[in-house]
Amino acid sequence: MIIINNLYKKFGNKEILNGINLTINQGEKVVIIGSSGSGKSTLLRCINQLEIPTSGEVWFNNYLLTGVDPYLHDDIIKSSKTFNKKVTESNLDEEKIIKIIKKEKLLRPKIEGKEFNKLLKNFYQRHHLSIDLARQKIGMCFQHFNLFNNLTIIENLTLAPVELKLMSKEQAVINASELLNRIGLYDKKDEYPSKLSGGQKQRIAIIRSLCMNPEIMLFDEPTSALDPEMVGEVLELMKELTSLGMTMVIVTHEMAFAREIANRIIFMDEGSILEEGTPETIFNNPKNSRTKEFLSKVL
């Protein structure tokens, strides 16, 4: 469903993501853990293109969400002037030449010429999915609720599906009402967000994404801004989504919740994935010393 290849992200000279490779399959519940500043939220934001990666690629259902990284495609490298020049000038085989070009980052679009740039453009046009279309299928819930305070709850839920012409106003209201009923907040449909508790706002934010009928949901520490007594009601809704088969990628510090619902745990540190495995493996028998250190502090 989602394939992340050699993803890097820099802010100035600071490297936030350092060569992330990750595949998320349909129906999986992947939980990403790690200390603050390890790159977890940036990774989610790169998936739905709220942050543009420095290099690497993100694919969703065989469609490219990012720009083309030529170093990930041997056939593109073979079409470059740099490759052909090295083939002529050296006795190395093609595989070794490709490795050298990748390692030393030798491709320069301005030098490679119009044909090479045309090749990149054609590849992009064949495989790219516009982010507007992708975000209709990739829902995201943030740390803060981001509800429109000047709109009622039902207006918050129906705005996007109607504006994007995914459904009529009547259909959107019916869909939103069913979701509000499911979480026990139908009686709040005509209220404004300021009248709701933090837990209620976050549950509304989650089902606002569900109103778009997404194929996957990204959760960026959805309980971090809540008072402790409100955390449980949000986690219960997320547990319900797992029972419905929703594909989910969750950044959280709620370790008990992660252990309960995840198919796979990813541990990140300093922009890299250091370890991944089942909850039983990660929590009971971590291999990496940094994973052990982190878990000893949070469990």
Side-chain angles (χ1 to χ4, degrees), residues 1-26 28 30 32 38-39 42-134 137-138 249 264 266 268-276 287-288:
M1 175 168 273
I2 288 183
I3 299 174
I4 300 168
N5 289 330
N6 206 34
L7 199 71
Y8 286 82
K9 176 62 181 179
K10 291 183 178 180
F11 291 109
N13 294 324
K14 185 174 178 58
E15 197 157 70
I16 307 300
L17 297 178
N18 184 22
I20 298 293
N21 291 286
L22 180 63
T23 297
I24 298 158
N25 298 310
Q26 186 171 1
E28 268 198 304
V30 176
I32 305 174
S38 59
T42 301
L43 176 57
L44 289 193
R45 293 173 69 85
C46 283
I47 290 175
N48 75 350
Q49 297 295 279
L50 289 173
E51 298 288 354
I52 305 303
T54 304
S55 62
E57 293 177 351
V58 177
W59 293 76
F60 170 65
N61 287 345
N62 297 317
Y63 288 100
L64 182 64
L65 301 185
T66 58
V68 182
D69 186 340
Y71 294 105
L72 296 175
H73 306 279
D74 289 358
D75 55 336
I76 290 178
I77 292 175
K78 287 182 178 180
S79 299
S80 68
K81 289 181 179 179
T82 299
F83 174 83
N84 289 306
K85 183 178 180 181
K86 285 193 172 293
V87 168
T88 303
E89 295 177 350
S90 72
N91 295 320
L92 299 174
D93 61 38
E94 291 187 354
E95 186 174 332
K96 288 183 179 178
I97 291 173
I98 289 172
K99 286 182 179 179
I100 291 171
I101 290 174
K102 289 180 178 180
K103 183 179 180 180
E104 299 182 11
K105 301 291 185 184
L106 297 178
L107 299 179
R108 298 289 182 271
K110 290 183 179 179
I111 296 174
E112 301 302 340
K114 291 182 179 179
E115 288 302 314
F116 183 78
N117 290 320
K118 184 178 180 181
L119 178 67
L120 291 179
K121 183 177 181 180
N122 288 340
F123 185 96
Y124 179 82
Q125 291 176 338
R126 284 199 313 273
H127 298 287
H128 182 67
L129 178 67
S130 78
I131 196 57
D132 290 335
L133 291 176
K137 297 299 181 182
I138 305 174
V249 185
R264 186 158 41 121
I266 306 288
M268 288 184 64
D269 189 58
E270 295 185 351
S272 298
I273 294 176
L274 297 190
E275 191 166 358
E276 62 179 291
K287 302 292 190 298
N288 187 279

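- Of the candidates Ile266, Ile3, Ile2, Ile2 is the only one forming a side-chain contact (heavy atoms from CB on, under 4.5 Å) with Ile24.
- Remark: Gln125 CD is packed, more than 12 non-hydrogen atoms of other residues, nucleotides or ligands lying under 6.0 Å away.
- Panel note: side chain Glu275, backbone Lys287; a donor-acceptor pair is recorded below 3.5 Å.
- For Tyr63, there are no ring-ring contact (aromatic ring centres under 6.0 Å, His included) partners at least two apart in sequence or on another chain.
- Contact between Ile97 and Ser90 at its shortest, heavy atoms only, is CD1-OG, 3.8 Å.
- We find the CG-NE2 distance between Leu65 and His128 to be 7.5 Å, quoted to the nearest 0.5 Å.
- The ring-ring contact (aromatic ring centres under 6.0 Å, His included) search around His73 returns Phe123, not counting sequence neighbours.
- Screening residues 98-108 for side chain to side chain donor-acceptor pair (under 3.5 Å), with sequence neighbours left out, gives Asp74-Lys102.
- For the pair Met268/Leu17, a side-chain contact is recorded, criterion being any heavy-atom separation below 4.5 Å from C-beta on.
- Summarising the local packing, CD of Glu15 is surrounded by more than 12 heavy atoms from other residues, nucleotides or ligands at distances under 6.0 Å.
- How far OH of Tyr71 is from CG of Leu107: 4.0 Å, rounded to the nearest 0.5 Å.
- Residues meeting the side chain to side chain donor-acceptor pair (under 3.5 Å) test with Asn61, sequence neighbours left out: Glu215.
- Between the SG atom in Cys46 and the CD1 atom in Ile16 there is a gap of 10.0 Å [rounded to 0.5 Å].
- A donor-acceptor pair is defined here as one N or O able to donate and one able to accept, closer than 3.5 Å; no such pair exists between the side chain of Gln26 and the backbone of Met1.
- The CD1 atom of Ile77 lies 8.5 Å from the CG atom of Leu72; values are rounded to the nearest 0.5 Å.
- With values rounded to the nearest 0.5 angstrom, Arg45 atom CZ is found 10.5 Å from Ile52 atom CD1.
- For the residue pair Glu112 and Thr82, a side-chain donor N or O sits within less than 3.5 Å of a side-chain acceptor on the partner.
- Considering all non-hydrogen atoms of both residues, Ser38 and Asp269 come closest at CB-CA, 3.9 Å.
- For residues 1-10, there are no side chain to side chain donor-acceptor pair (under 3.5 Å) pairs, not counting sequence neighbours.
- Annotation: side chain of Ile273 is not in contact with side chain of Ile32 (no heavy-atom distance under 4.5 Å).
- In this structure, CD1 on Ile101 lies 14.5 Å from NZ on Lys96, to the nearest 0.5 angstrom.
- Listed by first and then second residue, the salt bridge (Lys or Arg N to Asp or Glu O under 4.0 Å) pairs that reach into residues 75-87 are Lys78-Glu94, sequence neighbours excluded.
- A salt bridge is defined here as a Lys NZ or Arg NE, NH1 or NH2 lying under 4.0 Å from an Asp or Glu carboxylate O, and Arg264 with Glu28 meets this definition.
- Closest heavy-atom contact between Pro70 and Phe116: CB-CZ, 4.4 Å.
- Side-chain atoms of Leu7 and Glu57, non-hydrogen and from C-beta on, never get closer than 4.5 Å to each other.
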Given the rule in the side chain to side chain contact (heavy atoms under 4.5 Å, CB included) test, do Leu43 and Ile4 qualify, once you have shown the distances and angles that lead to the verdict?
CA-CA 10 Å; Leu43 176 57; Ile4 300 168; 3.9 Å; yes
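- Between Val87 and Phe83 the shortest side-chain heavy-atom distance falls below 4.5 Å.
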